[in-house]
Chemist: 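Before I ask anything, let me first share the structure, which is written out below as structure tokens.
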Amino acid sequence: MCGIVGYVGRRSCAGLLVDALKTLEYRGYDSAGVAFFHDGIIETVKAAGRIQNLESKMESRIDVETHCGIGHTRWATHGGPTDENAHPHSSEHISLLHNGIIENYQELKAFLIEKGYTFLSQTDTETAAHLMDYYYKETGDFLEAVIRALHEIRGTYAFGIICKDEPGKIICVRQENPLLLGLGEGENFMASDIPAFIKYTKKYLVMEPGEIAILEADRVSLVDFDKNPIEKEPLVVTWDYEAAEKGGYPHFMLKEIHETPSCLRATMSPRVQDGLVRFDEKELPDHLLRDARSITILACGSAMHAGMVTKYGIEKLCRVKVDVEVASEFRGRPPLLTKDDLVIVISQSGETLDTLAALKMARACGAKILSIVNVVGSSIARESDYVVYTWTGPEIAVATTKAYSAQIAISYMIAARMAFVKGLMSEEALRDFTAELMMLPELVASLVERESEFRALAEQYCKYEDLFFLGRCLDYAASLEGSLKLKEISYIHSEAYAAGELKHGTISLITDDVPVIGLVTQTPLMEKMVSNLREVTARNARVMAICAPQAKDLLEFVDDLVVLPAARDELMPSLSVIPLQLISYHIAALRGCDIDKPRNLAKSVTVE
Ligand code: F6R
């Protein structure tokens with residue numbers, strides 16, 4: 001949520017800032033703005049709506065000579081998405097942008113109004129600009145003014161700040177919200193995420209909470225809130241600029257679905273040795289799995305659905321009880337965890353605020369934290385005792401696809417390794433399991449190749465306004481993800497239901513206007529699922545079944561049938577998700593939706 005960019009260096013940067021903002025569009029936003037030094041003043045341009053609106057307003061400014069500036073995409077929290085509320089916000093000497101929420105802004109605002117400041121927006125952020133200006137006037141020192149203000153601001157934040165009297169300098173501050181520094185030759189960058197600067201440099205620093213960076217063209221220095229210097233080693237991005245580009249696909253979401261087979265290989269291969277699933281001792285030691293008596297999984301959204309898949313896998317193979325908790329719900333009650341509990345945190349971005357806060361609560365109880373994360377060095381990764389990374393590269397589309405697939409692949413590996421170290425799976429059985437696991441990229445690729453079949457189905461289902469997804473156990477977990485995918489990108493209302501539960505109330509909603517997508521991949525549950533699908537057929541619903549090959553003959557009565565390749569039951573969620581994603585994608589495309597940036601959504605949810 002919100003994207004921050006900043007540049008200082010030899011290039012003229014007005015256009016660069018706008019282009020950098022475009023690379024962060026996926027984070028979700030509803031207004032955008034830039035501020036840059038030109039002819040001894042700070043010029044600010046802001047526009048509600050898409051970056052294209054900002055670009056139109058910038059038309060006459062895009063080529064002006066400027067070598068230092070900041071830019072922002074805002075996801076509205078305090079005050080609607082208007083030009084006035086867009087960032088950067090300015091005071092007499094200071095302009096700044098902000099990602100996060102200033103909790104005590106009303107108190108600060110009252111103080112500043114008393115001191116004669118006038119507010120032009122409804123945002124919490126404007127108070128920070130005036131407060132820093134207030135201290136700048138008092139001290140005449142840019143850094144000191146920022147630090148004094150920080151000592152008074154309560155809340156979550158990343159800031160990018162410039163001062164009228166110091167062109168060529170950006171002060172960057174990180175508390176909760178992510179902020180990276182891209183390190184170039186004679187130029188430096190500030191950004192919420194790597195795609196904003198990968199075109200120019202692969203060398204970067206991850207700012208940690210409580211750090212302040214002073215960014216100039218030829219130097220970057222870091223201090224803490226007491227001005228103590230901080231030294232850190234730069235990291236190097238392991239993927240290329242092209243990974244953050246659409247590469248000929250109409251949408252990032254489609255590109256990312258097509259990348260799933262290679263992401264699965266990249267994620268699984270390093271964790272297989274001599275034909276057996278084995279994690280590096282540092283990322284996940286065997287003793288952690290062997291000693292696990294009960295597990296709690298914390299996550300949000302699709303990552304929580306990946307947690308459901310993890311639960312079924314671990315409970316089936318390891319006979320260990322697993323609770324899956326929506327992170328925001330977990331936070332709402334006193335945690336019942338102890339130092340004997342293992343907590344698995346799942347997050348693509350590694351920055352989801354509720355998940356991070358839930359992790360910290362679990363940690364405070366003494367529980368051991370294992371996280372499954374995609375973004376290296378992210379907050380969740382840093383707060384965990386052990387991290388297993390999903391190696392998918394950047395995921396740009398708001399709706400997760402390849403990262404979800406990588407998360408569930410890791411979950412099978414954890415379940416299998418746990419069963420092995422607990423003595424519940426022999427080495428031979430683990431070898432067979434591993435061999436089947438390593439077939440997944442190929443099986444997934446065979447499904448991605450069937451895209452035209454799924455597009456044809458999308459044409460049949462895109463006209464409906466309500467839809468049901470049904471499944472039992474692992475298929476129920478997969479249904480939850482299918483339903484979320486459809487609703488978030490196509491805006492069609494859908495429900496995922498445990499199939500056996502439907503007749504306890506909800507079947508009253510089934511009519512010929514409410515089609516049903518049933519998942520039938522779990523061998524022991526097939527007959528029951530077939531009965532459930534017959535029940536909805538009898539209520540005139542159009543029915544699509546997505547099934548394992550052995551269920552095909554039982555399902556001749558359904559209207560549409562997708563037969564998946566054969567795989568063991570535990571691995572079927574990796575296969576069923578591909579048609580679910582592609583059907584949702586094509587339904588959304590047929591309905592003309594903004595697929596990569598669905599309305600109201602953000603890729604990285606850093607507010608509560
Ligand atoms: C849906 C989706 C979201 C995320 C959720 C958690 O397609 O992407 O539901 O799964 O916001 O995000 P992470 O995994 O970054 O913690």
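Read the numbers this way: they start at 1 and go in the same order the structure lists the ligands and their atoms.
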Chemist: Going by atom types alone, do Ser574 and Tyr412 pair a side-chain donor with an acceptor below 3.5 Å?
Modeler: yes
Chemist: Any donor-acceptor pair under 3.5 Å linking the side-chain atoms of Thr400 with those of Glu395?
Modeler: yes
Chemist: I want to check something: taking the side chain as every heavy atom from C-beta on, are Met268 and Arg265 in contact at a cut-off of under 4.5 Å?
Modeler: no
Chemist: Please produce the table of protein N or O atoms sitting under 3.5 Å from N or O atoms belonging to ligand 1, one pair a line, distance to 0.1 Å.
Modeler:
from: ligand 1; atom 1: 7 (O); to: Ser302; atom 2: OG; distance (Å): 3.4
from: ligand 1; atom 1: 7 (O); to: Thr400; atom 2: N; distance (Å): 3.0
from: ligand 1; atom 1: 7 (O); to: Lys485; atom 2: NZ; distance (Å): 2.8
from: ligand 1; atom 1: 7 (O); to: Glu488; atom 2: OE1; distance (Å): 3.2
from: ligand 1; atom 1: 7 (O); to: Glu488; atom 2: OE2; distance (Å): 2.5
from: ligand 1; atom 1: 8 (O); to: Val398; atom 2: O; distance (Å): 3.4
from: ligand 1; atom 1: 8 (O); to: Thr400; atom 2: N; distance (Å): 3.4
from: ligand 1; atom 1: 9 (O); to: Ser302; atom 2: N; distance (Å): 3.1
from: ligand 1; atom 1: 10 (O); to: Ser302; atom 2: N; distance (Å): 3.1
from: ligand 1; atom 1: 10 (O); to: Ala303; atom 2: N; distance (Å): 3.4
from: ligand 1; atom 1: 12 (O); to: Thr352; atom 2: OG1; distance (Å): 3.4
from: ligand 1; atom 1: 14 (O); to: Gln348; atom 2: N; distance (Å): 2.6
from: ligand 1; atom 1: 15 (O); to: Ser349; atom 2: N; distance (Å): 2.8
from: ligand 1; atom 1: 15 (O); to: Ser349; atom 2: OG; distance (Å): 2.6
from: ligand 1; atom 1: 15 (O); to: Thr352; atom 2: OG1; distance (Å): 3.4
from: ligand 1; atom 1: 16 (O); to: Ser347; atom 2: OG; distance (Å): 2.6
from: ligand 1; atom 1: 16 (O); to: Thr352; atom 2: OG1; distance (Å): 2.5

Chemist: Assess whether atom CD of Glu442 is packed by more than 12 heavy atoms of other residues, nucleotides or ligands within 6.0 Å.
Modeler: no
Chemist: Just checking, is any N or O donor in the side chain of Ser302 or Glu481 under 3.5 Å from an acceptor N or O on the other one?
Modeler: yes
Chemist: In chain order, what residues pass the side-chain hydrogen bond (donor to acceptor under 3.5 Å, both in side chains) check against Asn374, with sequence neighbours excluded?
Modeler: Gln348, Thr390, Thr392
